[in-house]
Amino acid sequence: MSRKVLVVLLVLLVPLAWGVRWASQALEVATGYSAKQLCSGVYLSKFDPDFVIENDIYLSMGVLGPLLSQLELEVDTDHARTRAKLLGVESVAIYAGDEGCILNPLTPRAMMRMSIYEYARNDQGWSPYASETPSLMPVLDAAFAEPAEGQRRTLAVLVLHRGELIAERYAEGVGPLTKLQGWSMNKSLMSTWIGIQVHRNILDLSTPISEQLAFADPALAAAIDPSLDLGHLLHMESGLDFEETYFPGDDATRMLYRSSAMWAVAPANGHRHPPGRHFSYSSGDTNLASLVWQLSIPGPYHEWLQGYFVAPLGLESMTSEHDAVGVQVGSSYTYMTARDWARVGQFWLDAWREGSELLPDGWMREATTPRPSATMGNYGRGFWLNAQGMDFPGLPRNLFYASGHNGQYVVVFPDEEVVVVRLGLSSGSAASGITPLLEGVLATLPAPDPLAAAQPSGQ
């Protein structure tokens with residue numbers, strides 16, 4: 001074979017091989033996402049399968065185009081599992097009771113632990129106006145109204161003022177017992193859970209990650225900068241070479257839908273920047289922090305959550321799911337009722353204003369202070385901020401919030417003593433209508449007491 005012919009073959013085959021690899025990754029992501037969301041939607045949220053398929057899977061998998069019609073989805077109630085199959089590529093998610101759903105488990109352990117599960121939909125029959133202050137009714141009407149372009153899909157809105165529930169509304173088929181996914185609001189939870197361990201003198205934000213990682217993967221421990229610490233991970237300034245983009249083959253999709261050990265993806269990429277100098281929002285950072293948090297717990301992490309977070313806050317519904325090797329997916333996978341999300345928001349508000357026995361002194365004030373690396377002043381330690389008015393120009397600069405994919409929000413107004421929870425299946429933040437919702441809520445409430453608002457934490 002001549003060199004010229006060989007060159008021509010390489011020119012033709014290399015793009016073909018790349019295309020085949022990309023297509024394989026795309027199918028793994030599509031089936032992984034679909035199986036996982038169908039499992040959690042059916043077994044945790046107790047939605048009808050068709051609801052999950054139409055409002056979540058088809059919404060997110062619309063990028064498949066004509067291939068979407070070839071996506072095969074199955075709910076196997078006999079074995080409490082779901083399957084998604086596309087062009088011969090299959091993913092499976094198994095419901096494991098208190099542990100939630102596990103994507104592509106490495107062993108049948110989850111199935112073996114299952115007791116008989118009886119599938120039942122949430123036929124709750126609540127009035128859509130469970131509790132509302134009359135002046136807030138038009139605000140909530142707008143929050144649930146579909147804009148001309150559609151794709152808002154609000155599922156729940158709750159408003160707390162000074163610790164009291166003043167508004168609560170749900171979409172049809174959703175109610176106070178429906179567990180709803182927070183997606184990246186799990187990052188704010190992980191920051192809080194680590195704060196509890198810091199308060200208990202079990203973790204320290206300055207502890208080098210390489211020392212912790214040595215227990216799980218010595219090779220990865222040797223590959224990361226020895227100065228990388230837990231604080232860098234929570235502040236999203238690890239410098240690890242991780243891209244928070246969601247196309248097939250990208251770091252985030254590979255981590256969530258193609259990796260058994262999600263926590264290992266970011267450190268395996270090595271560093272792009274020295275730790276502490278560059279802000280880059282990264283689910284990989286949080287999942288690595290989740291490993292460190294879990295290594296600090298002597299028993300199952302869900303038992304720790306029950307004792308140190310769920311019971312103290314009076315939560316009634318939280319399920320935090322893990323990856324195939326048993327590490328909680330700190331970036332994405334916690335489900336709670338809207339009321340429990342509101343209870344967590346009230347906890348954050350109270351901790352910001354008065355401190356908390358569960359967290360170190362000043363923890364929430366520090367967690368909601370912008371870092372120099374986040375030049376727009378919009379991120380702290382696991383929380384999004386409005387310090388420069390970038391996200392919400394017409395709203396208080398000291399508001400902070402947890403935010404998740406598809407329009408999940410727990411927004412805290414410290415001075416106004418207000419917590420707003422908005423959960424849905426929107427196509428983006430603009431579609432969610434979060435800004436007019438927040439503006440409308442504040443417009444109906446009395447102005448805060450300036451003396452009370454100025455009182456320092458712990459007083």
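If you're wondering where the values come from, they're calculated on a predicted model, not measured in any experiment.
Counted within 6.0 Å of CG on Asp98, heavy atoms from surrounding residues, nucleotides or ligands total 12 or fewer; the atom is thus considered open. Within a 6.0 Å sphere centred on CG of Asp361, heavy atoms belonging to other residues, nucleotides or ligands number 12 at most.
Ring pair Phe392/Tyr401: centre-to-centre distance below 6.0 Å. Aromatic pair Tyr281/Trp384: centroids less than 6.0 angstrom apart. The ring of Trp348 has its center closer than 6.0 angstrom to the ring center of Phe383.
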### Query
Yes or no on side chain to side chain contact (heavy atoms under 4.5 Å, CB included) for Asp415 and Asn398, after CA distance, side-chain angles and deciding distance?
CA-CA 8 Å; Asp415 293 344; Asn398 67 343; 3.2 Å; yes
### Message
Applying ring-ring contact (aromatic ring centres under 6.0 Å, His included) to Trp293 and Trp304, what does each step give before you reach the verdict?
### Response
CA-CA 11 Å; Trp293 166 72; Trp304 183 97; 5.4 Å; yes
### Task
Evaluate the side chain to side chain contact (heavy atoms under 4.5 Å, CB included) criterion for residues Ile57 and Leu71: first the C-alpha distance (whole Å), next the side-chain angles of each, then the deciding distance (0.1 Å), finally the verdict.
CA-CA 10 Å; Ile57 295 172; Leu71 179 62; 4.0 Å; yes
### Worked check of side chain to side chain contact (heavy atoms under 4.5 Å, CB included) between Val42 and Phe47
CA-CA 5 Å; Val42 168; Phe47 288 134; 5.8 Å; no
### Task
Test salt bridge (charged side-chain N to carboxylate O under 4.0 Å, His left out) on Arg152 and Glu146 and set out the steps.
CA-CA 6 Å; Arg152 175 160 294 168; Glu146 283 294 325; over 6 Å; no
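Taking the centre and axis of the six-membered ring of Tyr308, the NZ or CZ atom of Arg200 falls inside the cone set by 45° and 6.0 Å. A cation-pi arrangement is present between Arg381 and Trp363, with the terminal nitrogen or guanidinium carbon under 6.0 Å from the aromatic centre and inside a 45° cone about the axis.
Using a cutoff of 4.0 Å between basic side-chain nitrogens and carboxylate oxygens, Glu237 and Arg277 are not scored as salt-bridged. Under the 4.0 Å criterion applied to side-chain N and carboxylate O atoms, Glu168 and Arg339 are assigned as salt-bridge partners. Under 4.0 Å is where a charged nitrogen must lie from a carboxylate oxygen, and between Glu321 and Lys36 at least one such pair does.
Using a distance-only test at 3.5 Å, with no hydrogens or angles considered, a donor-acceptor pair links the side chain of Ser45 to the main chain of Lys179. The backbone N or O of Pro414 sits less than 3.5 Å from a side-chain atom of Arg353, completing a donor-acceptor pair. Between the side chain of His405 and the backbone N or O of Ser184, no donor-acceptor pair lies under 3.5 Å.
Nearest heavy atom pair, residue Leu106 against residue Ser260, reads CD2-OG, 3.4 Å.
The aromatic rings of Tyr33 and Trp183 lie parallel to each other, with less than 30° between the two planes, well short of the 60° mark.
A 4.5 Å side-chain heavy-atom check between Leu213 and Ser210 finds every atom pair outside the cut-off. Counting heavy atoms from C-beta on, the side chains of Pro396 and Asn386 never come closer than 4.5 Å.
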